[in-house]
Number of protein chains: 2
Amino acid sequence: MIDEIDRKILTLLQSNCRQSIAEIGDAVGLSASACHRRIGILEKDGVIERYAARLNGEKLGFNMTFYVEVTLEGQSEAILSAFEKAALARPEVLECHLMTGIADYLIKVAAPDTKEYERLYRRVIAALPHVSRIQSALVMKTVKRWGGYPPRKA
Amino acid sequence: MIDEIDRKILTLLQSNCRQSIAEIGDAVGLSASACHRRIGILEKDGVIERYAARLNGEKLGFNMTFYVEVTLEGQSEAILSAFEKAALARPEVLECHLMTGIADYLIKVAAPDTKEYERLYRRVIAALPHVSRIQSALVMKTVKRWGGYPPRKA
DNA sequence: GTTGAAAGTAGAAAGTT
DNA sequence: AACTTTCTACTTTCAAC
């Protein structure tokens, strides 16, 4: 279904989706058209979900990134789905994952400074429905971000 | 430096960087050329770091995602930089952050199944230099991923 | 910031192996 | 069935305004 050439194309597109199809074709040994066709299939099949610009948070004034572990008051379907719906709706929540382990959710947020993070913490995170405990961890340095999926199954 | 229009452009590009500049220009009330010039500046200034295809891990066979907390044997500069260099070099490590809190690093990895994760755990993560403790948490469900930075400072 | 023209790219329709 | 060539419409890019 997804062969070696597709994987090469995907690796190239993950690192730069603005190179021309002709260039990608060259790199994988295919004509632009054949390459274009494969990319179309990968898009249609949902392997490629979107093409996005990736920004530098610090240059935008987001100097602090946090991973926040959120524990809820319970784990009933109603509680989980109310929390998820609210988290999805908040643009400040950059990522949100339901986790195994001690806390229920792991969310990622960014803030310009501690003052703004305090606001975020009180008005946004703590205000999400059914939150019972919050534990924040600050990212001091991001060593690697945006690592694409490796070309072969890990 | 970055004004309201730039923020709108960035929001649009974060959700879809393949729409034409003319479309983006229309959406923000600018000619294609003016829009193009602004985007060029945002790229040059490093606000836009790259344009990337975002893939669906499950469709690629990566059915499990983990956040792994890694504690090192110490926090000397030599230990930290050796670890970081090795983590950067491993394609299986999708993200790696130096954190405040109990563990030293938070890394994100993906695997097709538990068997492969066990290999990843033993051969990759535990094999990184100076690792003393590893604690894995499995992502059961990703509620929100790829949330772009919000248009206004959080 | 706008307009307009030149170069380049994507997308589709043909034909080829 | 998948690739290649060819062609047209669109898009980017860069003048000059």
Side-chain angles (χ1 to χ4, degrees), chain A residues 1-57 59-61 145-153, chain B residues 1-62 112 145-146 148-153:
Chain A
M1 185 169 175
I2 290 178
D3 65 11
E4 206 54 39
I5 294 177
D6 286 326
R7 273 193 263 270
K8 276 189 195 168
I9 292 172
L10 291 172
T11 298
L12 291 168
L13 286 176
Q14 282 186 106
S15 70
N16 177 18
C17 71
R18 281 231 157 160
Q19 56 200 315
S20 74
I21 290 175
E23 275 181 288
I24 297 170
D26 275 356
V28 303
L30 238 56
S31 72
S33 246
C35 194
H36 178 256
R37 189 183 133 277
R38 279 171 180 265
I39 292 172
I41 292 169
L42 291 167
E43 289 170 357
K44 190 179 61 62
D45 289 349
V47 177
I48 298 172
E49 290 199 357
R50 55 157 49 157
Y51 297 96
R54 315 205 81 166
L55 309 186
N56 182 312
K59 302 247 164 132
L60 283 166
R145 57 181 153 185
W146 311 347
Y149 289 101
R152 302 183 62 79
K153 291 187 184 181
Chain B
M1 187 165 173
I2 290 176
D3 65 10
E4 206 53 39
I5 294 177
D6 286 326
R7 273 194 263 271
K8 276 190 194 169
I9 292 173
L10 290 171
T11 299
L12 291 168
L13 285 176
Q14 282 186 106
S15 71
N16 176 17
C17 71
R18 281 231 159 162
Q19 55 199 315
S20 74
I21 290 174
E23 275 180 289
I24 297 170
D26 274 356
V28 303
L30 236 56
S31 71
S33 251
C35 195
H36 178 253
R37 186 181 309 146
R38 279 170 179 266
I39 291 172
I41 292 168
L42 291 166
E43 289 170 357
K44 187 177 64 61
D45 289 349
V47 177
I48 298 172
E49 290 199 357
R50 53 158 47 158
Y51 297 96
R54 315 205 77 163
L55 310 185
N56 182 312
E58 293 187 9
K59 302 249 164 126
L60 282 167
F62 293 99
R145 59 181 152 184
W146 311 345
Y149 289 102
R152 302 183 61 80
K153 290 187 184 182

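Protein chains get the first letters and strands the later ones, always in sequence-line order, with residue 1 at the start of each.
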Open item on the list: Could you work out, with salt bridge (charged side-chain N to carboxylate O under 4.0 Å, His left out) as the rule, every residue matching A:Arg38, not counting sequence neighbours?
Closed with: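 A:Arg38 satisfies salt bridge (charged side-chain N to carboxylate O under 4.0 Å, His left out) with A:Asp3, A:Asp6 once adjacent residues are dropped.
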
TODO: Assign B:Arg37 to base, sugar-phosphate, or nothing according to its heavy-atom contacts below 4.0 angstrom with the strands shown.
DONE: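 If one applies the 4.0 Å heavy-atom cut-off, B:Arg37 turns out to touch a base.
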
Rounded off to whole Å, could you give me the [atom1]-to-[atom2] distance for the [X] and [N] pair?
X	N	atom1	atom2	value
A:Ile39	C:dG11	CD1	P	9 Å
A:Glu23	C:dT9	CD	P	7 Å
A:Ile9	D:dA2	CD1	P	13 Å
A:Asp6	D:dA1	CG	P	17 Å
B:Ile21	C:dT9	CD1	P	13 Å
A:Ile24	C:dA10	CD1	C1'	12 Å
A:Met1	D:dA2	CE	C1'	17 Å
A:Tyr51	C:dT9	OH	C1'	15 Å

- [ ] Return the residues of residues 27-36 of chain A meeting this criterion: a heavy atom under 4.0 Å from some atom of DNA chain D. Order them by number, or give none.
- [x]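 Of all residues in residues 27-36 of chain A, the ones placing a heavy atom under 4.0 Å from DNA chain D are A:Leu30, A:Ser31, A:Ser33, A:Ala34.
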
Task: For A:Ala32 against A:Ala22, the heavy-atom pair lying closest together - done: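 A:Ala32 and A:Ala22 have their closest heavy atoms at CB-CA, 3.9 Å.
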
Task: Minimum-distance pair of heavy atoms, taken over all atoms of A:Leu12 and A:Ala27 - done: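 Taking A:Leu12 first and A:Ala27 second, the nearest heavy atoms are CD1-CB, 3.8 Å.
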
- [ ] Decide if atom CZ of A:Arg18 counts as having more than 12 heavy atoms of other residues, nucleotides or ligands within a radius under 6.0 Å.
- [x]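 Yes.
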
Do [X] and [Y] make a side-chain contact, defined as non-hydrogen atoms from C-beta onward lying under 4.5 Å apart?
X	Y	answer
B:Leu10	A:Leu60	yes
B:Arg50	A:Ser15	yes
B:Lys59	A:Asp45	no

Task: A:Arg38 vs D:dA2: side-chain N/O to OP1/OP2 distance below 4.0 Å - done: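 Checking D:dA2 against A:Arg38, no side-chain N or O comes under 4.0 Å of OP1 or OP2.
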
Open item on the list: Counting only heavy atoms and a strict 4.0 angstrom limit, can you tell me which residues of residues 40-47 of chain B come near DNA chain C?
Closed with: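 Close to the strand, none.
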
Task: Main-chain N/O of B:Tyr149 paired to B:Gln14 side chain as donor or acceptor, under 3.5 Å - done: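 Side chain of B:Gln14 to backbone of B:Tyr149: a pair is present.
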
TODO: Output the distance between atom OG (A:Ser31) and atom CZ (A:Arg37), rounded to the nearest 0.5 Å.
DONE: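 Result: 10.0 Å between the selected atoms.
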
Task: Donor-acceptor pair (no angle test) under 3.5 Å: A:Arg18 side chain, C:dT9 base - done: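 Answer is no: no donor-acceptor pair is held.
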
